[in-house]
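The structure under discussion appears below in the form of C-alpha cells.
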Amino acid sequence: MTATITFLGGADTVTGSKYLIEHNQKRLLVDCGLFQGYKQLRLRNWSPLPANPAHIDAVLLTHAHLDHSGYLPLLVKNGFRGRVHATSATCDLASILLPDSGHIQEEDAFFANRHGFSKHAPALPLYTQQEAIDSLKQLHAEHQGQWFEPIRGWKARFQPAGHILGAASLLLDVAGRRILFSGDLGRPDDPLMNPPEPPPQADTVLIESTYGDRQHPKEKLFEELGPLLHKLAARGGVAVVPVFAVGRAQAVLHTIAQLKAAGEIPRSLPIFLDSPMAIHTTALFERHPGEHRLSVQEVRQMDHVATMLETPEQSKSLAKRHGPMVILAASGMATGGRVLHHLAQYAGDHRNLIILTGYQAPGTRGAWLASGRSPIRIHAQDVAVRAEVVQIESASAHADANQLLSWLHKMPSAPGQVYVVHGEREASDMLRQRIEHEIKWRALVPEHGSVWPL
C-alpha cells in the first residue's frame, strides 16, 4: 500500500503546520501547530482535526514555535496517547512555550468574560495551562543525527536547521521512501544560531517558504537598531518591541548589549524584558552551548543587559515610569501576551516607537501596524497609533528565498517531488516557480486538506 501525506496545516498559509503521514493503518503527524493570524484561520483550531487524535501513533516536532507545536495540548486532550519525538532543546523549549500558551489563553478568556466583549458566554480557552503541562509527559528527546523508530518499521532522523534552539529538519524513511521536511530553516549568517546543515538525499521534500518571495536586506540588526534607539533616547520616548520569546528576543538583547558596549546607544538607557517565557528561554542558551554561536561571556551579557520582569505586578509597574526606555515583550506579532498592554499604553504618543521584529503574518496586529494603519484594536478598544512604527527586516530568523534555493541546491540529486509549504500563497508560489525554472525540479504548492501519494 502506498504511503500518503495529508496537508492539515502549513499549506496556503504560514501557520498551523501539520503533516499527516499514513501507511498500513499507521499514522504519524509531523508538527502539530496552532493556526494564527486571520480569524478564519484561527477558527480552524476549534474545528475537529480530520484525523482522530486517538488513532495517531506518534508526533514528530521540527521545533518549538507555537505554529509548529502549539496544538499539541489539544491533540492530547482529544485522545492522542503516543510519544512526541523532538530534539532535546525543542523539548526544553516546548516545556516553556506550551504552558505559557495555555496560561495566555486562560487570561484572554478571563479578560473577555470580565469585560463582556466575547460573542461566547462564557469565553473558553482552547486549552488550559494544566492541560499543556499534562501534554509534556509525552515528549521524548532524540539526538540530532541519530536514527530512531517513532513507529515500528519507520525510521526518522533530525538534523540541525538553525532558526532557533533545537530546530531541526526531519528525514523520514517509510515504505521504502524518504521524505525530507525542512522545518523552518535559519539563515546561514544568523548572529545567534549555527547555519542549517545541507539536506540529505530524499524522494520527496517539503520546503518552507516564509520568505519565498523576498531577500533580506544587507544591513545587520546592529546597523538598523542602533540609530533607532539612539534617536529614541534623545527624545525621551518609549520603545515597545513585540518579540518572539524564542529567538528574536535573544537576538535583540544580544544586539543591544553590543550597541551599549560600542557606545552606539547610552549605557544608561533602561531595557526591560517583560516576558517570563523569554527570560526562561534566554537561560537555555547556557544549557545548549553547541547549538548557537554565542560564547559564555556573550550569553551572560545578553542575560544582564535588561531588567527581567517576571510577575504581572512588575509588568504593570512600567506604566509609572517615564521614558526613555525600551520594553521587549511577547508576542512577536502582537497576537496576545503582555505586549498588548504596552501597545495600548504607548502607541498614542508621537515620541514613542514601535519596533516590529521578524515576519508579521497577515491578519495579525503586527501586520496591521506594519501597514501603517490606525487605530489598532486591543481588548475590544480602538487605540490610536501616533507612535513611529518601524519594521526591521534584518531581525528575521528565517532563510530568505535565495538561501532556501541554495539549501535545496546542496541536495546530492533531484528529488521526485517538492512541496512548497509554510508560506503565504504568493510567497509559496514564487518559490515554486524559482524551483521549477532555476533548478528544474518538480514543485507544487499543496492546498489545505489535500492528500498526495508519497
Side-chain angles (χ1 to χ4, degrees), residues 65 164 191-192 219-260 264-266 269-279 281-282 302-310 314-315 318-319 321-361 364-370 372 376 378 383 385-397:
H65 274 151
I164 65 168
L192 257 62
E219 292 86 3
K220 303 296 183 186
L221 181 55
F222 183 95
E223 296 162 350
E224 283 198 275
L225 192 58
L228 290 172
L229 297 186
H230 182 82
K231 287 192 298 181
L232 177 89
R235 70 186 186 223
V238 176
V240 178
V241 189
V243 287
F244 302 95
V246 179
R248 292 312 84 192
Q250 292 74 39
V252 173
L253 287 175
H254 174 59
T255 302
I256 289 174
Q258 290 180 311
L259 288 167
K260 285 194 171 188
E264 296 290 331
I265 61 175
L269 178 63
I271 313 294
F272 297 94
L273 180 60
D274 187 17
S275 167
M277 184 165 54
I279 293 167
T281 298
T282 303
M302 177 177 69
D303 200 29
H304 293 129
V305 74
T307 300
M308 307 294 184
L309 306 181
E310 288 265 14
Q314 289 173 321
S315 178
L318 288 180
R321 293 182 57 101
H322 299 288
M325 63 177 169
V326 179
I327 303 169
L328 280 63
S331 68
M333 298 184 199
T335 53
R338 294 182 181 179
V339 75
L340 296 185
H341 299 282
H342 299 307
L343 288 172
Q345 176 83 16
Y346 298 110
D349 192 327
H350 71 278
R351 294 172 301 172
N352 297 337
L353 178 63
I354 299 169
I355 303 176
L356 302 171
T357 60
Y359 184 79
Q360 304 297 318
T364 62
R365 290 186 189 85
W368 183 272
L369 286 166
I376 186 170
I378 299 176
V383 177
V385 181
R386 300 185 184 91
E388 180 184 3
V389 179
V390 179
Q391 185 170 15
I392 292 182
E393 296 289 350
S394 60
S396 172

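In this structure, the side chains of M302 and Q250 come closer than 4.5 Å at one or more pairs of heavy atoms. Side-chain contact between L318 and L309 is present, with heavy atoms from C-beta onward closer than 4.5 Å. In this structure, the side chains of H342 and S315 come closer than 4.5 Å at one or more pairs of heavy atoms. A 4.5 Å side-chain heavy-atom check between I354 and V390 finds every atom pair outside the cut-off. Counting only heavy atoms from C-beta outward, the side chains of Q345 and V238 never approach each other to under 4.5 Å. The side-chain heavy atoms of I392 and L356, taken from C-beta on, include no pair separated by under 4.5 Å.
The CG atom of L259 sits 10.0 Å away from atom CG of L269, with the distance rounded to the nearest 0.5 Å. Atom CZ of F244 sits about 8.5 Å away from atom OG of S396, to the nearest 0.5 Å. In this structure, L221 CG and Q258 CD are separated by 8.5 Å, a value rounded to the nearest 0.5 Å. Here the CG-CD1 distance, from L340 to I378, works out to 5.5 Å after rounding to the nearest 0.5 Å.
Residues A395 and T357 share a closest heavy-atom pair of CB-CB, 3.9 Å. Closest approach of Y346 and A319 over heavy atoms only: OH-CA, 3.7 Å. Looking at every heavy atom in both residues, L229 comes nearest to A239 through CD2-CB, 4.5 Å. Nearest heavy-atom pair, G337 versus H341, reported as atom, atom and distance to 0.1 Å: O-CD2, 4.2 Å. Across A251 and L192, no two heavy atoms sit closer than the pair N-CD2, 3.6 Å. What you find for G366 and Q360 is that their closest heavy atoms are CA-OE1, 3.1 Å.
Residue pairs meeting the side chain to side chain donor-acceptor pair (under 3.5 Å) criterion with at least one partner in residues 224-234, sequence neighbours excluded, are E224-S394. Sorted by first then second residue, the salt bridge (Lys or Arg N to Asp or Glu O under 4.0 Å) pairs that include residues 330-347, not counting sequence neighbours, are D274-R338.
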* Starting from the C-alpha separation in whole Å, work towards a yes-or-no answer on side-chain contact (heavy atoms from CB on, under 4.5 Å) for L232 and R351. => CA-CA 8 Å; L232 177 89; R351 294 172 301 172; over 6 Å; no
* Check against side-chain contact (heavy atoms from CB on, under 4.5 Å), I271 and T307 -> CA-CA 6 Å; I271 313 294; T307 300; over 6 Å; no
* Between L369 and L343, does a side-chain contact (heavy atoms from CB on, under 4.5 Å) hold up when you go through it step by step? -> CA-CA 11 Å; L369 286 166; L343 288 172; 4.3 Å; yes
* Asked: Under the side-chain contact (heavy atoms from CB on, under 4.5 Å) criterion, do L225 and I355 qualify, and how do the steps go?
  -> CA-CA 9 Å; L225 192 58; I355 303 176; 3.9 Å; yes
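R386 pairs by the salt bridge (Lys or Arg N to Asp or Glu O under 4.0 Å) definition with nothing, not counting sequence neighbours. Checked against salt bridge (Lys or Arg N to Asp or Glu O under 4.0 Å), E264 has no partners two or more places apart in sequence or in another chain. Residues that satisfy the side-chain hydrogen bond (donor to acceptor under 3.5 Å, both in side chains) test with N352, not counting sequence neighbours, are absent from this structure. Residues passing the side-chain hydrogen bond (donor to acceptor under 3.5 Å, both in side chains) test with Q391, sequence neighbours excluded: none. Listed by chain and number, the residues in a ring pair (Phe, Tyr, Trp, His ring centres under 6.0 Å) with Y359 are Y211 (sequence neighbours excluded). Taking E310 as the reference, H280 meet the side-chain hydrogen bond (donor to acceptor under 3.5 Å, both in side chains) condition, with sequence neighbours excluded. With sequence neighbours left out, the side-chain contact (heavy atoms from CB on, under 4.5 Å) criterion links P191 to no other residue. Applying the salt bridge (Lys or Arg N to Asp or Glu O under 4.0 Å) criterion to R248, with sequence neighbours excluded, gives D190. Every residue two or more places apart in sequence or in another chain was checked for a side-chain hydrogen bond (donor to acceptor under 3.5 Å, both in side chains) with R365, and none qualifies.
At least one donor-acceptor pair under 3.5 Å links the side chain of H65 to the backbone N or O of V246. Side chain of T364 to backbone of A361: a donor-acceptor contact under 3.5 angstrom is found.
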Name the atoms and distances for all side-chain donor-acceptor pairs under 3.5 Å in residues 321-336, with sequence neighbours left out.
unit_1, atom_1, unit_2, atom_2, d
S331, OG, A334, N, 3.4
S331, OG, T335, N, 2.9
S331, OG, T335, OG1, 3.0
S331, OG, G336, N, 3.3
S331, OG, G336, O, 3.4

